[in-house]
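To start, the structure itself, in structure tokens.
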Amino acid sequence: MALATAPRPPPLLLPSKAINIPNPPSFDPHSRILNSLKQCTHISQLKQIHALTLRSTSPYHPKTFFLYSQLLHFSSFLDLNYALQLFNQIQNPNSFMWNTLIRACANDVNNKEQAMRLYFEMLEQALVSPDKHTFPFVLKGCAYLFDVSEGIQVHAHALKHGFGSDVYVNNSLIHFYASCGFLDLAEKVFVKMPERSLVSWNVLLEGFVQFGKFNSALNLFREMRNTFDPDGYTLQSILTACAGLGAFSLGAWVHAYLLKKCDFNLSIDVFINNSLVDMYCKCGSLELAHQVFKRMPKRDLTSWNHMIRGFAMHGRAEAAIRCFDKMIRTERFRPNSITFTGVLSACNHKGMVSEGRLYFDMMVIDYKIKPALEHYGCLVDLLARAGFIDEALGLVSTMPMRPDAVIWRSLLDACSKKNTSVELSEELARQVVESDRDIGSGVYVLLSRVYASASRWDDVGLVRKLMTDKGIKKEPGCSSIEINGVAHELFAGDTSHPQTKEIYQMLKVIDEKVESVGYSPDYSQAPMIDELNETKQHSLKLHSERLAIALGLLKLQPGMPIRIFKNLRVCNDCHEVTKLISRVFNVEIIVRDRARFHHFKDGFCSCSDYW
């Protein structure tokens, strides 16, 4: 039997109910071939074993059919094309053989669609039925291809064949629906399962985290703890959710659980430690992130990227660059696109224009990395905020791709702060709107500031009327603070918190103390209308981060840092007030806004007033 594809050889007759033709007891080629297969590591060896099988075994011997299933199994790992040819020469393959090929194709990046074709061919031939192993392999291919319609068909087939209660099939269905973004359907499958394994919980957790449903993930985790102890996959998902929410207390609990309850090998696992570094960075504890990083027995490129980006978002540009230099010079890692995003971001947050140009050129010339939109965005923002607006505009005009709304908005933001011409700001605002028709209120607020800075109050009113006509509302400021493991959300001017009375009383105390040390309000980013300064000052006092700071001063133990996470950039006045509060109340305040972290201590901020 040859394996040439043209002309196609007749199928090898290997009936599943083979005729029993005894061999001499002294010679059993099947056992010898099977032992050879177990030691096979290369396709050339497998082809020799296949040839030996053709020469020395009878197609009607009861062991031959099993032998060919093993040949198919091993060839699926070594050479998928050879496995497919071998499969085509077997008459009446059993479900194990079909599953072997479907699994191999589903696991191969370039053959996911072939897995689907094999499955439907299996159904069409109707010689064997799919079993509980078939559906997980097929659904894996559907998930990778985002093939929702065929995945739903496979779901129906699984129910039709009586696997609606099978835990493995249901786990694969949860993964399929979650991977395709249908979290409601994934959760529906999960809720209906009569029996769940730890994998069932992990797959749904991962789905929630993948699509940013961090609160849902944490709620599910708390429910899971009543039934199962978390494993490495669970902890990795929860650490990612903690990073997204800034849930420092739970993230620290996961770290402690890992050290006390888990296997030592898991505690030193590079993926887990990478998640810890990322979590601590995003929860405002750069020191703990660096401790974990330094103690890692093994680091990969992701480890270094997390640490570089951590230093960058906390305004430690020099530390980020030292980390980068050590990575490439001492540890001999080759940086990738993500590495340079971190380095350029570090330069941007510190206003290091020369260094930013240098690392951008290094990326392109030395490492042959094609700049992506985020690299251009970092450099454009760096140049514009440093006052090199013409150079930034020139860079935008030479980009090989179309600028997105984020780049145009960063230019508009710089123009609003540098008091450039109103006409340029108007053109940039038009570009923002054209780049993203669903743009939020930010561009209109920035344009309002430009007009207000030029005392063009009629134009400010027109912008506000335009927002009203289009149904666009200014995004409300929202800050969250974690106290004793519970997250409290406060909006600007919020009066819905159970402790509103105490919060506003503390605000009065704060106002008196900061005014006593020379506080003078900055009205530049107050409401964009020509109103009395008293009204503007009242509005500034009720910004969400001030309410959160007041709650933190009321409820947190002395000496504990106040960690606040805000959805918008910190305004100039709140930035100045927070510096004074850190000095007057002798408290460290860590604020993560939309762009970066600010560490306030002893009247100073880590950003050096450049943000």
Side-chain angles (χ1 to χ4, degrees), residues 348-349 351 373-374 376-393 395-396 402-478 492 521-531 536 539-540 543-545 566-576 593-596 598 607 609-611:
N348 185 17
H349 288 317
L373 197 60
E374 55 266 27
Y376 282 108
C378 284
L379 189 55
V380 167
D381 194 41
L382 168 62
L383 293 169
R385 292 200 303 128
F388 296 92
I389 292 176
D390 289 339
E391 185 179 347
L393 290 168
L395 179 62
V396 170
R402 183 175 180 177
D404 64 356
V406 175
I407 288 180
W408 290 118
R409 180 173 168 165
S410 68
L411 285 165
L412 176 59
D413 185 38
C415 288
S416 71
K417 292 176 180 176
K418 299 297 180 182
N419 296 321
T420 58
S421 70
V422 173
E423 292 75 16
L424 175 57
S425 296
E426 289 175 329
E427 172 60 22
L428 291 171
R430 186 181 66 80
Q431 292 287 357
V432 175
V433 174
E434 287 185 358
S435 298
D436 187 353
R437 295 292 179 181
D438 297 323
I439 197 71
S441 62
V443 61
Y444 299 100
V445 172
L446 288 174
L447 190 57
S448 290
R449 287 178 184 161
V450 171
Y451 287 139
S453 298
S455 297
R456 288 171 53 171
W457 299 110
D458 289 343
D459 289 324
V460 172
L462 287 173
V463 171
R464 290 213 156 187
K465 183 177 183 302
L466 181 63
M467 290 176 66
T468 302
D469 292 343
K470 290 189 173 185
I472 299 171
K473 294 183 179 180
K474 185 178 183 296
E475 183 179 0
C478 176
D522 180 347
Y523 302 122
S524 63
Q525 291 174 304
M528 292 295 102
I529 52 176
D530 189 13
E531 59 186 11
K536 291 185 176 183
S539 172
L540 289 170
H543 279 190
S544 62
E545 61 265 52
K566 185 175 181 181
N567 63 331
L568 305 175
R569 280 197 185 217
V570 176
C571 74
N572 295 342
D573 188 70
C574 287
H575 191 268
E576 189 61 31
D593 68 6
R594 178 176 280 176
R596 58 172 298 158
H598 299 262
C607 74
D609 297 339
Y610 186 87
W611 83 100

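Below, all heavy atoms of this structure are taken into account, side chains as well, without hydrogens, waters or symmetry copies. FYI, the numbering just counts along the sequence from 1. Note that the coordinates shown come from a computational prediction; the quantities given were computed from them, not determined experimentally.
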(message) Holding to ring pair (Phe, Tyr, Trp, His ring centres under 6.0 Å), I want the full list of residues that pass it with Y376, two or more places apart in sequence or in another chain.
(response) F360
Which heavy atom in [X] sits nearest to a heavy atom in [Y], and how many Å separate them?
X	Y	result
V422	Y451	CG1-CE2, 3.5 Å
S416	L446	OG-CD2, 4.0 Å
S544	A492	CB-N, 3.7 Å
S410	V380	OG-CG1, 4.2 Å
I389	C415	CD1-SG, 4.1 Å
E545	K566	OE1-NZ, 2.7 Å

(message) Quick check on D469: does its CG atom have over 12 non-hydrogen neighbours (other residues, nucleotides or ligands) under 6.0 Å away?
(response)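 Enclosed.
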(request) Mark yes when over 12 heavy atoms from residues, nucleotides or ligands other than R594 sit less than 6.0 Å from its CZ; otherwise mark no. (result)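 Yes, because the 6.0 Å sphere around CZ of R594 holds more than 12 heavy atoms from other groups.
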Between [X] and [Y] (side chain of the first, backbone of the second, donor and acceptor by atom type, cut-off under 3.5 Å), is there such a pair?
X	Y	value
D404	I407	yes
R409	V432	no
D593	C571	no

(message) Going by salt bridge (charged side-chain N to carboxylate O under 4.0 Å, His left out), name the residues that satisfy it together with K470, two or more places apart in sequence or in a different chain.
(response) none
(request) With sequence neighbours left out, write down each residue that passes salt bridge (charged side-chain N to carboxylate O under 4.0 Å, His left out) with D459, or none if nothing qualifies. (result) R456
Taking C-beta and beyond as the side chain, do [X] and [Y] meet within less than 4.5 Å on heavy atoms?
X	Y	answer
W408	E427	no
L411	Q431	no
L428	L393	yes

(request) Please report the C-alpha distance between D413 and R569 in whole Å, then the side-chain angles of each, then the deciding distance to 0.1 Å, and finally whether the side-chain contact (heavy atoms from CB on, under 4.5 Å) criterion is met. (result) CA-CA 11 Å; D413 185 38; R569 280 197 185 217; 4.2 Å; yes
From [atom1] ([X]) to [atom2] ([Y]), nearest 0.5 Å:
X	Y	atom1	atom2	result
H349	R385	NE2	CZ	7.5 Å
L395	D390	CG	CG	12.5 Å
L379	E391	CG	CD	7.5 Å

(request) Describe, in one word, how the ring planes of W611 and H575 are oriented to each other, choosing from parallel (under 30°), tilted (30 to 60°) and perpendicular (over 60°). (result) parallel
